[in-house]
Amino acid sequence: MLPRLIKRQAPSKAMVFLSPILALLLTLLASVVLFLIMGVSPSAALHAFFVEPISSIYGLTELMVKATPLILIGVALSLGFRAGVWNIGAEGQLILGGIFGGSTALFFYEKTGFYIIPLILIMGIIGGMLWAGIVAFLKTRFNANEILTSLMLSYVAALLLNLLIHGPLKDPDGFNFPESRLFSDSALLPILYDGTRLHLGAVIALFFVGIGWILLSRTLLGYQIKVMGDAPAAGEHAGFSHSKIIWTTLLISGGAAGLAGAIEVSGPIGQLLPNISPGYGFAAIIVAYVGRLHPLGVLFAALLLALSYLGGETAQMKLNLPVAVTGVFQGLLLFFLLACDVLIQYKIRTSKKSESTFAPAVKSSIKSTSEVK
Amino acid sequence: MAQPSEYLLELTGMRKAFPGVLATDNVDLKIRPGEVHALLGENGAGKSTLVKMIYGILKPDAGEIKFNGKAVNIKAPAHARELGIAMVFQHFSLFDSLTVVENISLGMDHASSMRELAEQITEVSQRYGLPLDPDRHVYTLSVGERQRIEIIRCLLQEPKLLIMDEPTSVLTPQEVEKLFVTLRRLGEEGLAILYISHKLDEIKALCHDATILRLGKKVATVSVDKESTGSLAAMMMGEEMQAFQHPEKPILGDIRLKAKNLNMVAKDPLGISLKDINLLVHSGEVVGIAGVAGNGQDELLTALNGEHLTESGSIIIEGEQVGHLGPNKRRLMGMASVPEKRLGHGAMPDMNLIDNAFLTSYERLDFINHGFIDYGKTEQYANKVIKDFSVKTPNAEVPAASLSGGNLQKFIMGREFDQNPNILIVSQPTWGVDAGAAQTIREAIRKMASKGAAVLVISQDLDELMEISDRMGAICGGVLSSFYPIEEITVEKMGLLMAGVSLDDSVTDDVRDNANNDITNKSNQNAT
């Protein structure tokens, strides 16, 4: 007899934490199968993927460099997802932040001043907020689905960056390559540890985890966010404005993504390129869910996803594996996580007796997937 | 004796049980050709279950259906249509972006060409006075015109029996008049009509016989001409009203809550718009509003508590115009409300009782300290509510959804009561609550009033309202009736008010009521 899903009396708190771990194990298992199919020794591949990148100090700092944008965006997206506001377009907001921050850096080319870096970061935040503000406006004014608008605006943002780099922001001495000038030193984030790329952004990201945590657990805004996500009508009963929550969460996530973009261009990259992000904005969605929409969980999840980026690069260099393995790994992780999350509300039974609970089980597993979208 | 039956449809001993409820039990029903037969009952009386069995949507647990004198086992709606049974549902199933003829062709069991169908539609619509252009798009049509599509769709199948489920709930009085003309003509041509409604005046105007259901059982089949609306209402609601212990006449204070020509247009097309609501609640009294579900109760509650804003002058709290103010401003002025739906409106299901206690109390009780939520104080408050109202729960940290209906209701009531509101609005206070908890809640409501609060109770439970109210009225289709002192109220009168029939002697009461208001208003003015 096939195993059946039986609804639990109350959601399992243990499974909330166990589900990401179970999902990670299943992902590793699937990766082993994948490596075997590709004709690579699974142990060598797993070593290259998960151990080698972090077996040196430099590797660890690189991990934090990759994790920085994921933490910033992941924490901010968690706030929105908690409120039921599905911003899928953090990638575009990150690019706008890069454009705004990068343009500021280029504006102050070969100038010095302590104010330049703060200005770059602030402009980055503004850029991201503007992009997310469009989504909030369309949602509150026309009830346009934010999943679609935010996602589509990501592609517009990528094209906008390309346009600028092929045009006004192109390096005049750059042999017509689609790149901007290298930013001057006064526009580059200070390095925290000499000989590595670990920069100030990492501190900002950790600080943001703390802010997100306090906001969510101790402030009225955090409370309103949770109420709107759980029961919008109860929020209206209390007098909370739904559109205010939509605006606030979108501006926070847009601002954080824009900040991440500005940090990327004035940190590890140091100029504007056609591609300033390997999909951080999308990976941060996975980060938010693996981190259980909790700022502290997001921190760990961001490190895991950052490792997948590093591991993908190492595996490419050492084992000639395609770099797409990173994307496959991230996709598998989200896929297994969503599957394992069913176990928060349900338990598995392999009884022979056919029980009539199957129909409701199927119905609400549809519900739980639509909840996580 | 194989004799052709004089009845078109004969139901005997129809029974259908759902988990935990016996929806219909041993119901008989007989309809002659050409008869307009009413199926009358309150919400939950089993009307829909019965017709769904006739139309093949539900399978009866027991009972026999005879159609044209032959026992039939109706397996599916298509089978019912084949036999000659058609049904117009309360909610239409039409595609807005398609034309009338396209919509009708989608619902036909036997396909014919669009042009032929359009001709048939025009012919039927002219014959029965149902003007309808087959080429119009549905989204351009009024609700009444959309209903015509459904009726014509049924008539094209040339049925012998037409079932109509509360067809007038979405129509204007003028459209109702036109519909009745059509239905009468159809009856004259020999079509049997089973007309489901709880509106007594419509049944008086249209139907020959009526079968009355109450709590899943048949009360009686009567000839409508021989009954008054009052006697029909009494049968519908049940006459076994026990003599209740009513509290002594309250000492009335100032007017605390007033609605003046309150109008609110429903946002959702199937919602109910509030029309010219006038209402007064004095300090110290409990005012009850009866009504069949879905007649604007939810809308009235959300307009009064500020979830939906209205014109500023249409709602007045303690003499101040508040129609434009949101829920929190009104709470600070002393208003508290308990909505009908507990999980999802009154409480957040997945959040714990501490968070749920915070929801409506944080401003009045100051649970925010330097911008941060004071969870210590909130938890104390949650525990006080749990203790004061003997809410059965292991602790305050369990999610609201884990509480039973009665316990959660006690918690939500307690959350509002322990804030000592001056005005309290409660919708369906004891719906789905066990008897013990219901008693606690009713006593608490009376106690609020005796402490000087103005209390408004909206409920479908007539017995409950008659037990706790000092004055009563009813809401029907978004219109509020006049209010009557409890001594003058009978079940019959309430039945009429709930069906939207105004009582003849209401004028005198109205005048008296208004006179009272004037006096109180004047005394208020003098005081200031």
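Throughout, protein chains are lettered first and strands after them, A, B, ... in sequence-line order, and every chain is numbered starting at 1.
Of all the listed residues (B/P349, B/G346, B/S402, B/G326), the one sharing the greatest number of non-hydrogen pairs under 4.5 Å with chain A is B/P349.
Sparse packing is recorded around CZ of A/F335, with 12 or fewer heavy atoms of other residues, nucleotides or ligands lying under 6.0 Å away. Around the NZ atom of B/K329, the shell of radius 6.0 Å holds no more than 12 heavy atoms that belong to other residues, nucleotides or ligands. Taking a 6.0 Å sphere around CZ of B/R15, one finds it holds 12 or fewer heavy atoms contributed by other residues, nucleotides or ligands.
Interface residue B/Y362: only side-chain heavy atoms are found under 4.5 Å from chain A. Contacts of A/S217 with chain B are made by backbone atoms alone, with heavy-atom separations under 4.5 Å and no side-chain atom involved. The contact between B/N305 and chain A is made entirely by side chain atoms (from C-beta outward), counting heavy-atom distances below 4.5 Å. Contact annotation for B/A347: only backbone heavy atoms (N, CA, C, O) come within less than 4.5 Å of a heavy atom of chain A. Interface remark: B/T302 contributes no atoms to any contact with chain A (heavy atom separation under 4.5 Å). Within the 4.5 angstrom heavy-atom criterion, no atom of B/R330 approaches chain A.
Classification of the B/H345-A/H237 ring pair by plane angle, with boundaries at 30° and 60°, yields perpendicular.
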Residues A/Y223, B/I368; criterion side-chain contact (heavy atoms from CB on, under 4.5 Å); working and verdict: CA-CA 11 Å; A/Y223 179 83; B/I368 295 183; over 6 Å; no
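When all heavy atoms of A/A233 and B/G344 are compared, the closest pair comes out as CB-O, 3.2 Å. Shown here for B/P327 and A/G239, the closest heavy-atom pair between the two residues is CG-CA, 3.5 Å. Contact between B/M351 and A/D230 at its shortest, heavy atoms only, is N-OD2, 3.3 Å.
For the pair B/F372 and A/I214, the minimum side-chain heavy-atom distance is below 4.5 Å. Residues B/L359 and A/F240 meet the side-chain proximity criterion, which asks for heavy atoms closer than 4.5 Å.
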